[in-house]
Structures are given as structure tokens and as C-alpha cells.
Trainee: 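I'd like to ask you about the structure that follows.
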Amino acid sequence: MRLRIKGAKVLTQDEKRRILDADVLVEDGAIARIGDVKERVDETIDAHGMWLMPGLVNAHTHLAMSLLRGYGDDLPLEEWLRSRIWPAEDRMKEEDIRAGTRLAALELIAGGTTTFNDMYFFEDAVADECAKAGLRGIAGWGMVDVGKVGPDEPNPRLPEIERFLAKWKDHPLVRGAPAPHAVYTCGSATYGRSAELAKKFDTLLHTHAHETRTEVYDVVKLKGVRPLTFLQAHGSLTDRTLLAHCGWVTKEEVRTIAAAGAGVAHCPVSNLKLATGGTMPLPELLAARAHVGLGTDGPASNNTLDLFETMKFTALVHKQARWDATVASAQTVLDLATRGGAAALRLGDRVGSIEVGKRADLVLVDPRSPRLTPVHDPVSHLVYAARAEDVHATIVDGKVLRLGDDYRTLQPERILADAQKAAERLTRPVERAAKA
Ligand SMILES: [Zn+2]
């Protein structure tokens, strides 16, 4: 299978961040050439006037929470979780997870995201739907110990999770991961066993860490140490670990994260919306050479999966926090959303830039619109002005998932109708109970 993308401006995001006017040849899912392509191909995409960039990497999300988008907004975090999210989640069945994941997959593909890193329940269904949609990613099976097992007992789901990891370990696009929710909800045995499984199946250990100040101090009260120290003590802070948030870490903890080689998913939109207060120390993490990517977090706390929006927020939040317009430049932020995210997910040798030999995860952006005119610097536009709607084509592993209005793996109308129905079924009884 050969695909030619003809005449685009190619933002390679390679080591030198070269921007080239060139064709790109994709062969058997990989980037085979950047330059003139004259040979016969199976499909040509005319990309004159457009920008070709590496696919965006969403380093932390909960895809099926798309069904809870806009549900119970503007409540304090604890009340939001207890009165809305948890009761609705308790009602979720596999078919709901599938409907929510398909909705999220549609949004990701529409908005130029090619790789996801998920954490939720029924992840076998999430992995299955994402694989069918043609996305690349990691499906993290979430675990919560509180209320299920004692503080030093392993989570009862672990045997099932091990079978899930074995099932997906050789899939070309999607693999599984153990995902203990957080140190305040999971104990030492669950983390220890998750670390063993991540190593055995060569995958991530995906967890929330240092999201809120309350979380950090609760863990100190409960376990006598801060969450990162706890993770380290139980073999769960390694180069396989992906830490979501890290809004409340010290400078010393920044060095610890970097030295461990762990990845960090920065989720500024979710942090701002849930009012977590702490701003992840991006300049320090980058100076320490930590692997940092961007995440949207779940669509219930964002409320979109639009990584263009997240890029803009990332740049703005750090400039504002530091009183310094030079921190978090457009190029730095675009790096986080592409090569940075890929490195944080241990996929840096496969995706994250447009280079010969890498897998062809590519996005075409059409800048011929008022908000992207005139063009002085495409990188600036991608971070500060572009939106998900400016994406024209999304390609994963050399397969065209979307070209203009043509979605080749998903049926948009049906997905929207199913999602609306599922969301109403989940939330109506909760609403009724709240009124009673
Ligand atoms: Zn999260």
C-alpha cells in the first residue's frame, strides 16, 4: 500500500525542526521518503496550500468520559465526583464504554490526534473500539483499591488485567497498560504488581500523581510520605511510569522524575477547570530533561479532546504564572504535543516526528481560513490560532482515517446518536435521585 501526500508544507518536527516544501511517500505504514514522489501509488492526497504535521499525542485521557461531557460542571471537585460522576459511572456497562469511546475516537480523528493514552474501566472494549477506529494508543485499565481491598492487598482486578495485557501485547497499534488510579486510592501491593506487569509486557504504568494539594497532604497523613516517594518505594517510578498532572511537585521531585526517566502528562485545561491551583513546573521539568507530553484529561473535566486548544492553554498558563512571555514558546509547546508526548509514552522511536523510517502518523491542517491568515510562522498559528476544525486529514500508520468529510473507519451520525442515548440513560436516574 503506497500513499503520496503531494505538495504540502511539511513541519517535520525532526531534530532540527525543519519545515520543507515536499511530497511525502508512505509505504506499508511507514514514511518512506520526504521529497519528490514520481512513482505509482495507490492513493494521492493533494495537499497544496496545506501543512503536514506529525499526529498529535494525547498523553492522558479517559475517553469514555465523553458521555459525561458538560454534566455537572461548575461544582467543587469532591461534590462533582460524589454527586454526578461516580453515580453515573456506577451505571456504565460495556456498551456505554463502547459508545463513549467511539464518540471520543471520532473527536480525536476529527481533531488530528493520532495517539491516545487512556485510563478507565472495561479497557478491553476501549482497546477494541480504538483499534477498529484505527487509532494508536495505550489502554490503561484503571484500578481503585479503596473500599475493595485492604491497604496492602493487591487489587482483585489484577489477574483479569494480566490476561488483557497478554491479549493486546502484539497488536500493531493498541496495547494495554495497568493503571492504578492514584496513591490516595491504591496501595503498595497494587502498585508493586502493576510495575511487574508493566515490565513483563513492556508497557506503561499509568497513574495520576500530585494533581491537587489535598491529595499530596492526604497521602502524607495516610502513608507518611508524599505520593512520588511512595511510588518510588514500591518500584513504580521508573522509565515505564506515566504520571498524569504533577501540578504540586517540588524542585527536588522534578529532579527525581527526570532521573527516573518517567513521563509526565501535562493537562492544563483540566487543572484550570477543576481549579487544582498548582501549575506544573514546565520550565524546570524541561530543564531537567524530563519527558513531558500534553493531555486533555477526560472530556468531563476539559470538556473537549482538542489538543490545539490544550497547546494554546499550555503556552498561556506558563507565561502568566511566571510573568514571562518567553517561557513556553510556540515551538516548545508544539514539541510537547508531538515528540514530547511520544517520548513520554515510550513511542518516540516510532512516532512524534515526520522522518523516514517512522510510522506514518500524519495530520493535514488547512490554513486557508480567516483565523490562520496571514502566515508569518506556521508553528505560531498551530499553537495560538488553529483549532481542531482546521484539520483536513488524519492518517495513522499510513492509513487514511479521515479526509475532509470522508471518515473511513467510523460512522459519525450513528456515533453521535448512540452517544446521546447512552448519556441520557446514564444520567437521568442520577438527576431524579438528586431531585428527590
Ligand atoms: Zn485523569
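Excluded from the calculations below are hydrogen atoms, water molecules and symmetry mates; all remaining heavy atoms, backbone and side chain alike, are included. In listed order, ligands and their atoms are each counted from 1.
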Trainee: Hey, do the aromatic rings of H60 and H62 have their centres closer than 6.0 Å?
Mentor: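 Centroid separation for H60 and H62: below 6.0 Å.
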Trainee: With the Zn ion (ligand 1) as the centre, enumerate protein N/O/S atoms below 2.8 Å in chain and residue order.
Mentor: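 Atoms qualifying: H60 NE2, H62 NE2, H208 NE2, D297 OD1.
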Trainee: Identify, with sequence neighbours excluded, every residue that meets side-chain hydrogen bond (donor to acceptor under 3.5 Å, both in side chains) alongside S188.
Mentor: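 Only D152 meet the side-chain hydrogen bond (donor to acceptor under 3.5 Å, both in side chains) criterion with S188.
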Trainee: Measure centre to centre between the rings of H181 and H208, then say whether the value is under 6.0 Å.
Mentor: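 Yes; H208 has its ring centre under 6.0 Å from that of H181.
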Trainee: Counting distance only, does the side-chain N/O of Y120 pair as donor-acceptor with the main-chain N or O of L63 below 3.5 Å?
Mentor: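 No; judged by distance alone, with no hydrogens or angles, the pair does not exist.
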Trainee: Does the side chain of T304 pick up a donor-acceptor pair with the side chain of D306 at under 3.5 Å?
Mentor: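 No, because no side-chain N or O of T304 sits under 3.5 Å from a partner of the opposite role on D306.
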Trainee: Please say whether more than 12 non-hydrogen atoms of neighbouring residues, nucleotides or ligands are located less than 6.0 Å from CZ in R425.
Mentor: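 Enclosed: over 12 neighbouring heavy atoms sit under 6.0 Å from CZ of R425.
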